[in-house]
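What follows is a single structure, written as structure tokens, with notes after it.
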Protein chains: 2
Amino acid sequence: MENRSQNFEPDNLDLQILGVLMEDATIPYTEIAKKLIVSGGTIHVRMKKMQDIGVIKGSHLMIDPQKIGYDICAFLGIFLEKGSQYKDAVENLRNIKEIVELHYCTGLYSMFAKIICRDTNHLRHVLNEDIQGVKGIQRTETFISLEESIKRQITLQ
Amino acid sequence: MENRSQNFEPDNLDLQILGVLMEDATIPYTEIAKKLIVSGGTIHVRMKKMQDIGVIKGSHLMIDPQKIGYDICAFLGIFLEKGSQYKDAVENLRNIKEIVELHYCTGLYSMFAKIICRDTNHLRHVLNEDIQGVKGIQRTETFISLEESIKRQITLQ
DNA sequence: GTTGAAAAGTGCTGCGA
DNA sequence: TCGCAGCACTTTTCAAC
């Protein structure tokens with residue numbers, strides 16, 4: 001069997017397949033095959049290889065949060081009392097479902113979070129009750145997104 | 001035909017279908033049908049309705065950026081010289097492929113960006129050459145993500 | 001709106017080159 | 001390693017409830 005370590009050098013065909021599927025994961029293999037002028041079996045082999053190696057982690061359905069009543073997207077700079085409290089804080093923040101991303105960062109803030117809420121009341125509740133209640137968190141700075149101007153995946157190659 | 005406005009009140013079945021597919025968009029309808037104890041046809045009707053309304057925007061293949069050599073994730077607080085330059089700046093920033101998210105925000109920064117780069121050299125190039133070259137951008141503050149502790153979609157219901 | 005089954009299309013697995 | 005062909009499966013459609 002092949003080397004399944006982190007190192008993976010995708011060739012042009014691999015990159016093209018990923019490029020097509022990253023934008024719409026529902027496109028059938030046969031159609032990709034037609035586009036790239038190879039057989040459907042080849043697409044299948046390449047996909048299996050990339051799934052085995054772990055390059056492809058799965059696929060997500062993209063939904064429009066606003067359409068189901070989640071109107072507010074905000075970023076949160078989080079200050080910890082002590083950097084050592086990071087691991088505990090993460091475990092507690094994981095229970096707050098409104099947090100969709102959490103990063104441990106260099107720079108001004110200890111951590112950086114992205115949260116999605118229904119409305120301003122919901123946001124206030126998450127900030128005041130849920131997040132401020134986490135042990136080790138000193139204070140937070142909130143940036144509310146008024147418009148998501150760009151939202152896309154990385155461009156390969 | 002039905003009302004296709006922004007307002008949509010998903011019932012329990014809709015939410016359950018979304019909940020299953022948001023985590024893995026490759027699960028076949030027939031299997032969802034078995035789980036929720038309805039017929040495959042019903043799943044299909046509900047999905048079609050939600051696609052028509054725009055709740056479902058599509059599906060993305062999730063890939064591991066690190067596995068294909070993109071090691072660095074960073075957030076960027078962007079200061080504009082004048083707020084009115086926002087629209088032009090967005091158009092220029094759209095051409096920088098390393099930017100995967102861009103938000104127009106309240107608070108300290110005019111805009112907030114998330115960028116993905118291969119390595120520190122790549123990041124430096126994007127920051128110094130590409131982003132600083134955009135007209136209207138005064139300065140930026142960079143937060144490099146050392147660890148993505150949480151990455152998920154919103155929890156429905 | 002839901003069901004169940006038939007029709008159409010896709011994905012998977014050999015063998016051959 | 002790639003391409004082709006047959007089988008199994010899923011999606012889609014539709015008449016009936």
Side-chain angles (χ1 to χ4, degrees), chain A residues 1-64 67-69 153 156-157, chain B residues 1-64 67-69 153 156-157:
Chain A
M1 200 132 296
E2 288 158 39
N3 177 17
R4 297 195 178 179
S5 72
Q6 1 275 46
N7 302 323
F8 165 63
E9 275 304 324
D11 64 12
N12 265 333
L13 183 56
D14 292 323
L15 288 175
Q16 284 176 326
I17 295 171
L18 288 178
V20 172
L21 284 172
M22 265 165 48
E23 288 183 11
D24 184 356
T26 64
I27 290 180
Y29 286 6
T30 49
E31 206 167 313
I32 305 170
K34 266 192 289 183
K35 268 187 192 167
L36 307 181
I37 317 174
V38 289
S39 80
T42 303
I43 305 287
H44 183 254
V45 171
R46 298 302 189 103
M47 285 294 287
K48 182 158 172 29
K49 183 183 67 182
M50 290 192 286
Q51 281 168 344
D52 284 348
I53 297 172
V55 175
I56 296 172
K57 296 164 83 175
S59 67
H60 282 339
L61 205 66
M62 302 303 293
I63 65 164
D64 188 339
K67 285 266 168 57
I68 53 169
Q153 304 221 72
L156 298 175
Q157 173 70 290
Chain B
M1 197 133 296
E2 289 157 37
N3 178 16
R4 296 194 178 181
S5 71
Q6 1 275 45
N7 302 323
F8 166 63
E9 274 304 322
D11 64 12
N12 265 333
L13 183 55
D14 292 323
L15 288 175
Q16 283 177 326
I17 295 170
L18 288 177
V20 171
L21 284 172
M22 266 166 47
E23 288 183 11
D24 183 356
T26 64
I27 292 180
Y29 286 7
T30 50
E31 208 165 314
I32 305 170
K34 267 191 289 181
K35 268 187 193 168
L36 306 182
I37 318 177
V38 289
S39 80
T42 302
I43 306 287
H44 182 253
V45 171
R46 298 302 189 103
M47 286 294 289
K48 182 154 171 33
K49 182 185 66 183
M50 291 191 285
Q51 282 167 344
D52 283 348
I53 297 172
V55 175
I56 296 172
K57 296 163 83 175
S59 69
H60 282 340
L61 204 67
M62 302 304 292
I63 66 164
D64 188 339
K67 285 267 167 56
I68 54 169
Q153 303 220 69
L156 298 175
Q157 170 74 295

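Numbers restart at 1 for each chain; the letters A, B, ... are given by sequence-line order, proteins then strands.
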>> Tell me the interatomic distance from B/L13, atom CG, to C/dT2, atom P, rounded to whole angstroms.
In response: 7 Å
> What nucleotide among D/dT11, C/dG4, D/dC4 has an atom nearest to a side-chain atom of B/S39?
Replying inline: C/dG4
>> Can you tell me which nucleotide in D/dT11, C/dG11, D/dG3 comes closest to the side chain of A/P28?
In response: C/dG11
> What's the NZ-C1' distance between B/K48 and D/dC14, to the nearest Å?
Replying inline: 15 Å
> Would you say a side-chain N or O of B/T42 is under 4.0 Å from OP1 or OP2 of C/dT3?
Replying inline: yes
>> In whole Å, I'd like the distance from the CD atom of B/E31 to the C1' atom of D/dA8.
In response: 15 Å
>> Using 0.5 Å steps for rounding, measure from the NZ atom of A/K57 to the CG atom of B/D64.
In response: 4.5 Å
>> How long is the straight-line distance from OH of A/Y29 back to CE of A/M47, given to the nearest 0.5 Å?
In response: 3.5 Å
>> For a quick check of understanding: with a heavy-atom distance under 4.0 Å over all strands, which category does B/V45 fall into, base, sugar-phosphate or nothing?
In response: nothing
> Do A/L15 and A/L156 pass the side chain to side chain contact (heavy atoms under 4.5 Å, CB included) test, and can you show the C-alpha distance, the side-chain angles, and the key distance before you say yes or no?
Replying inline: CA-CA 7 Å; A/L15 288 175; A/L156 298 175; 4.0 Å; yes
>> Please determine whether a side-chain nitrogen or oxygen atom of A/R46 lies at a distance below 4.0 Å from atom OP1 or OP2 of D/dT1.
In response: no
> B/K34 has an atom NZ; how far is it from atom P of D/dC9, in whole Å?
Replying inline: 11 Å
>> Do B/S59 and A/D24 make a side-chain contact, defined as non-hydrogen atoms from C-beta onward lying under 4.5 Å apart?
In response: yes
> What is the distance from NE2 of B/H44 to P of C/dT10, rounded to the nearest Å?
Replying inline: 14 Å
> Once you round it to whole Å, what is the distance between P of C/dT3 and CD1 of B/I32?
Replying inline: 14 Å
> Where the side chain of B/T30 is concerned, which of D/dT11, C/dT10, C/dT3 is the nearest nucleotide?
Replying inline: D/dT11
>> I'd like to check A/I17 versus A/L21 (side-chain heavy atoms, cut-off strictly below 4.5 Å). Are they in contact?
In response: yes
> Between B/I27 (CD1) and D/dT11 (C1'), how many Å, whole number?
Replying inline: 16 Å
>> So A/L13 and A/T42, do their side chains get closer than 4.5 Å, heavy atoms only?
In response: yes
> Nearest-Å distance, NZ (B/K49) to P (C/dT2)?
Replying inline: 8 Å
>> Do A/K49 and A/D14 have side chains that approach each other closer than 4.5 Å (heavy atoms only, starting at C-beta)?
In response: yes
> If you fit an axis to the five pairs at each end of the helix from C/dG1-D/dC17 to C/dA17-D/dT1, how big is the angle between those two axes, to 10 degrees?
Replying inline: 20°
